[in-house]
Amino acid sequence: MTAQENRLIPAPAEWSPETGSFNLTPTTFLLARDMQAFQDAVTFRDICIDWFDFPLKTAIKEIGSGPYIEVAYDSTLDLPDGGYILVIAPEGIKVTGKADGGVFHGLMSLLQLMEPKPDRTISIPCQTISDGPRFVWRGMHLDVCRHFFSVDEVKQYIDLLALYKFNSFHWHLTDDQGWRIEIKQYPKLTEVGGWRNGTMVGRYSDQQYDSIRYGGYYTQEEIREVVDYAAKRHINIVPEIEMPGHATAALAAYPEFSCTGGPFEVAQGWGVFPDIFCPTEETFTFLENILDEVMALFPSSVIHIGGDEAPKDRWKECAHCQALMQREGLASEEELQSYFVQRIEKYVNSKGRTIIGWDEILEGGLAPNAMVMSWRGTEGGIAAAKDKHQVVMSPNNDCYFDHYQGDPANEPLAIGGMTTLEDVYNYEPVPPGLSKEESAFIIGAQANVWTEYILNFEHVEYMAVPRMIALSEVLWSTNRKSNFDDFKLRLARNLQLLDRQHVNYSRTWQTQ
Ligand code: ACM
Ligand code: ZN
């Protein structure tokens, strides 16, 4: 095997090709040396059935004399957390992983190397790989509010994240156009807030709407199922509950938590809406009760509270808001937003969790323990890192996969922008100008898939793939060579895997 034949993405830290291959047959056992590795083995068995219709057997004790695919955790490995060593030899395969998720990451590399033969065996070329991630936050986001995606579709999305070693799925669950998570204490959030009576169609400038009722939501049981599905793939789900803005759907259900009292309708068009949560004691109780249910469903140590695009028009006109500002000595409505976020942070912290918010939460003063997701560029992330807050980079130039990826004349309607595959591949999450100590606060990056102009899951795939594959290399690989031609070669081979799963990836990059 030569370097040209490698198709692993993200590129591993170290790999050495060897001659020969291991042949996987239906009698090959996947042998786990510990219970943690056994869980990964079972997940891998399920994935092999799904991908190759191949019935691997799993065991936790030696059965006969092999050959085995042997999997084990080893906390003493000299690798970053989540790293692994994968040895493929003619007489067997061994994956040794470091927590958290090392064995699973090794198995995902193995999956990418599997070549099914017509006789229903699978050939895997011999090689040794030693590998570990560069960043601890390797994220993909999905907006299920502007358009809704089923549990099965969300699982397919998670499958793609797993294959490319992402470990964070940011699930954008609430927005002006729909509230998508069942909250038992406030059933109208989904009964009313989960549905809209029409949707903008076509370009924003056309201002055209249909009058079709549209919506949906996930029950708590479904949420638990997805959280479990992701956890088995070593992916943490970060739920986002937007506040104080992007709250129209919630306020359509419970207008008493607005400044004016409403009434409101779930938004049918895109954009930024003026009616936001009014910071009364009743509103805080409402949001805290919601967050209680959210935190019971999601074990994530980090909870996303939104914070972006909250116009202050209503707060400026609201007697309660103005009196609160006077009482608290707040000089501006931005400081009132900071007060709002700090109250929520205190509550979330009291439950042992951390908040993350979009970079607007820097305005008016950052909450003491908050993490920042920098989307309007890198400035917010830089300021937060200098202030010793952890940062996830998601600047819209490089990380917004709702942007066009090629000439708009040849692409489906998108929100705008231009973020090509090469732009993503060349993206560097640590911005220049930070000291080494400050850079350590940049814990990773994430791409966002906003779905105003993405009407179905095939279109989600088209926008996300292969740009997310390029991002996976940015986030994982410690030895990225910034060789886009080499990446494209590996990508072409790698995409053959996705063909098996009928993933609707974009081919725009092939003509760029
Ligand atoms: C955002 O794109 N409004 C975070
Ligand atoms: Zn108010």
Results of ring pair (Phe, Tyr, Trp, His ring centres under 6.0 Å) for Tyr204 - residues two or more places apart only:
none
Euclidean distance, Trp137 CH2 relative to His170 NE2, rounded to 0.5 Å:
8.0 Å
Measure centre to centre between the rings of Phe257 and Phe277, then say whether the value is under 6.0 Å.
no
To the nearest 0.5 Å, what is the distance between CE (Met108) and CD1 (Ile9)?
15.5 Å
Hey, is Lys155 close enough to Glu153 for a salt bridge, meaning N to O under 4.0 Å?
no
Spacing of Arg224 atom CZ and Thr219 atom OG1 [to the nearest 0.5 Å]:
8.5 Å
Look only at the side chain of Arg180 and the backbone of Gly216, and say whether a donor-acceptor pair between them is shorter than 3.5 Å.
yes
Output yes when a side-chain donor or acceptor of Glu335 lies under 3.5 Å from a complementary backbone atom of Ala331, and no otherwise.
yes
Smallest separation among heavy atoms of Trp315 and Cys278, with atom names:
NE1-CA, 4.1 Å
Taking all heavy atoms of Leu497 and all of Trp51, pick out the closest pair and write down the distance.
O-CZ3, 3.5 Å
Roughly how far apart are Met295 CE and Ser301 OG, rounded to 0.5 Å?
12.0 Å
Aromatic contact, Phe148 with Tyr218 (centres under 6.0 Å)
yes
For residues Tyr186 and Phe286, establish whether the separation of their ring centroids is below 6.0 Å.
yes
Distance under 6.0 Å and angle within 45° of ring axis: Arg138 vs Phe166
no
State whether Lys232 and Asp228 are salt-bridged, where the test is any N-O pair (Lys NZ or Arg NE/NH1/NH2 against Asp/Glu carboxylate O) under 4.0 Å.
yes
When rounded to the nearest 0.5 Å, the distance separating CG of Asn167 from CE of Met140 is 13.0 Å
Between Trp358 and His304, ring centroids under 6.0 Å:
yes
Hey, are the side chains of Glu411 and Gln405 touching, using non-hydrogen atoms and a 4.5 Å cut-off?
yes
Verify the distance criterion only: is there a donor paired with an acceptor across the side chains of Tyr462 and Asn456 at less than 3.5 Å?
no
Whether Arg376 and Glu363 form a salt bridge (side-chain N of Lys/Arg under 4.0 Å from carboxylate O of Asp/Glu) is what I want to check.
yes
Got a donor-acceptor contact below 3.5 angstrom from the Trp179 side chain to the Ile181 backbone?
yes
Assess whether a salt bridge exists between Glu428 and Arg480, defined as any Lys/Arg side-chain N lying under 4.0 Å from an Asp/Glu carboxylate O.
yes
Run the salt-bridge test on Glu422 and Arg467 with the 4.0 Å N-O cut-off and return the result as yes or no.
no
Kindly indicate, with the supporting measurements, whether the criterion side chain to side chain donor-acceptor pair (under 3.5 Å) is fulfilled by His246 and Asp176.
CA-CA 5 Å; His246 286 295; Asp176 301 299; 2.7 Å; yes
Once rounded to the nearest 0.5 Å, what's the spacing between atom CE of Met468 and atom CE of Met463?
14.5 Å
Okay, side chain of Tyr254, backbone of Lys188: is any donor-acceptor separation there less than 3.5 Å?
yes
Strictly distance-based, threshold 3.5 Å: is any side-chain N or O of Asp292 a donor or acceptor partner for the main-chain N or O of Asn289?
no
Identify whether the distance between the nearest side-chain nitrogen and carboxylate oxygen of Arg146 and Asp143 falls below 4.0 Å.
yes
Side-chain donor-acceptor pair present, Ser258, Asp275, cut-off under 3.5 Å:
no
Determine whether the aromatic ring centres of residues His147 and Tyr214 are separated by less than 6.0 angstrom.
yes
Cation-aromatic face contact Arg343/Tyr347, 6.0 Å, 45 degrees:
no
